[in-house]
Amino acid sequence: MARLVNSIFFTFLYISFIYTLSPFVNATTSQSDIQVLVAIKTSIDPFSITPDSFLSSWDFNLDPCEITGASFLGILCTVPDQVDTNATSRIIEIDLEGDGLEGFLTSSIGNLTELVSLNLGRNKFRGPVPESITNLRKLTSLQLYENFFSGSLVDDIGVLTKLETLDVSNNRLSGSIPSSITSLRSLTRLDLSNNELTGKFPQLNGLWQLSSFDISNNQIYGNLPQFPLKIKTLSLSHNLLSGHITPLHKLRHLSTLDLSDNRFSGGINKGIFMLPELSHVNVSVNRFTVFEVEEFSDKKSQLHTLDVHANHLHGHLPVNLVTYPNLTEINLGHNLFSGEIPSEYWSRLGFSWRSLNLEYNNLEGSVPRELNRTLEGVQGSFEHNCLICPKGLQLCHGQRTASECHGGDHN
């Protein structure tokens, strides 16, 4: 209690002191911008401002835009017009990333109307993102990740039409994705991951320049929308999404796809694997039943990592996986695959294939003895199948008993 009282008392003195100083600064910086900087600093718990933080260098006895050296770190300004003697410098960038600051983001932030970039990532800001942030019409980068911001994402975020990067990941934001977000036509990177967002996707096809979209670890439900065709990285894992994944077949520039831990069903269709730039695919922990792999004769295939574990895939293991020359990590475990492991797999395992998981399926047949000589450094598991394994093959340990295999109790 004594610490709390002291904190409030010293914060009051600190605010009074700064507001007393700021009007006397003979500044070329816009006075309204200086007032915003003062408000930012006074909205922060002074006990969280460490000596090595950028914010500790903000000395309001000095002009924020005139000073050089080690004062007002994290601030960039415009250069005033030399012809116009009444011109003032304006704040165009604030970067306080990783300062460990605790407090609120003042609503007066909206008065920095020339601001182009705001980075408050990796701090401990709490409370809502101010609605006034929509006044920052020149903003190209807004990064508020890894804080404790709560409430909904600003409804009118779509008015910030110059935004190229929007990262509010790892906060406590709730509510739905604003429908106005489709107006952000300059956006190339959008990260809403690790929040508490709910509802369905709004229309996203207006984001025609978007190349990276991450909304993993939320509570988004419903079917997939039409995604922008330029997208390269798509992370939708750990949500409540359902339906088929056919809308993804058009994404010719897609390189990384993560749909894990959702409720998708139907087929993992061959169209996905024919995407020429696709290198990493994770569709694990869903409800897929069909797995189609087209033979890939084009040496330009970039597929490197494939994870389809924990679905309801059945039938034989796909032989055509061996036609993907860059494939090195494969996880087909915890499904309903049956029959023998294709003999073509053995020539890949231990050479181009460095990881192969086939555990908890209904596989049978013999595993070649020669594998004991070629599997050094190979990771994975064949356990809990009905395989006949050579002695000493670690990957094969833990097969089902004969009664389990012959009795049909395979899962």
(request) Check each of D214, I215, L259 against S235 using the side-chain contact (heavy atoms from CB on, under 4.5 Å) test, and report the only one that passes. (result) D214
(request) May I ask you to decide if F54's main-chain N or O and D95's side chain share a donor-acceptor pair within less than 3.5 Å? (result) no
(message) Could you report the tightest heavy-atom contact between W353 and L327, atom names first, then the distance?
(response) CD1-O, 3.2 Å
(message) Side chains of T113 and R90 only: does a donor on one sit below 3.5 Å from an acceptor on the other?
(response) yes
(message) Do Y221 and K200 have side chains that approach each other closer than 4.5 Å (heavy atoms only, starting at C-beta)?
(response) yes
(message) I'd like to know if the side chain of N195 and the backbone of L192 have a donor-acceptor N/O pair within less than 3.5 Å.
(response) yes
(message) side-chain contact (heavy atoms from CB on, under 4.5 Å), that's the test. Do T188 and S211 meet it? Break it down for me.
(response) CA-CA 5 Å; T188 60; S211 65; 4.3 Å; yes
(message) Quick check: do N171 and V129 have side-chain heavy atoms less than 4.5 Å from each other?
(response) no
(request) Indicate the atoms forming the closest heavy-atom contact of S169 with D191, along with that distance. (result) CB-OD1, 3.3 Å
(message) Does any part of the side chain of N282, heavy atoms only, come nearer than 4.5 Å to the side chain of S237, both counted from C-beta?
(response) no
(request) Assess the side chains of D63 and T28: does a donor N or O sit below 3.5 Å from an acceptor N or O? (result) yes
(request) Would you mind listing every ring pair (Phe, Tyr, Trp, His ring centres under 6.0 Å) that reaches into residues 244-269, with sequence neighbours excluded? (result) none
(message) With a 6.0 Å cut-off (strictly less than), is the heavy-atom count around CZ of R369, excluding the residue itself, greater than 12?
(response) no
(message) Would you say the ring centers of F104 and F148 fall short of 6.0 Å from each other?
(response) no
(message) I need the minimum non-hydrogen distance between C65 and I91, along with the two atoms involved.
(response) SG-CD1, 3.8 Å
(message) Would you say that W58 contacts I40 through its side chain, given a criterion of any heavy-atom pair below 4.5 Å between the two side chains?
(response) yes
(request) Just say parallel, tilted or perpendicular for the rings of Y360 and H334, cut-offs at 30° and 60°. (result) parallel
(message) Is the ring pair F227/F201 parallel, tilted or perpendicular, if the boundaries are 30 and 60 degrees?
(response) perpendicular
(message) On a heavy-atom basis, which atom in T134 and which in D156 lie closest, and how many Å separate them?
(response) CG2-O, 3.6 Å
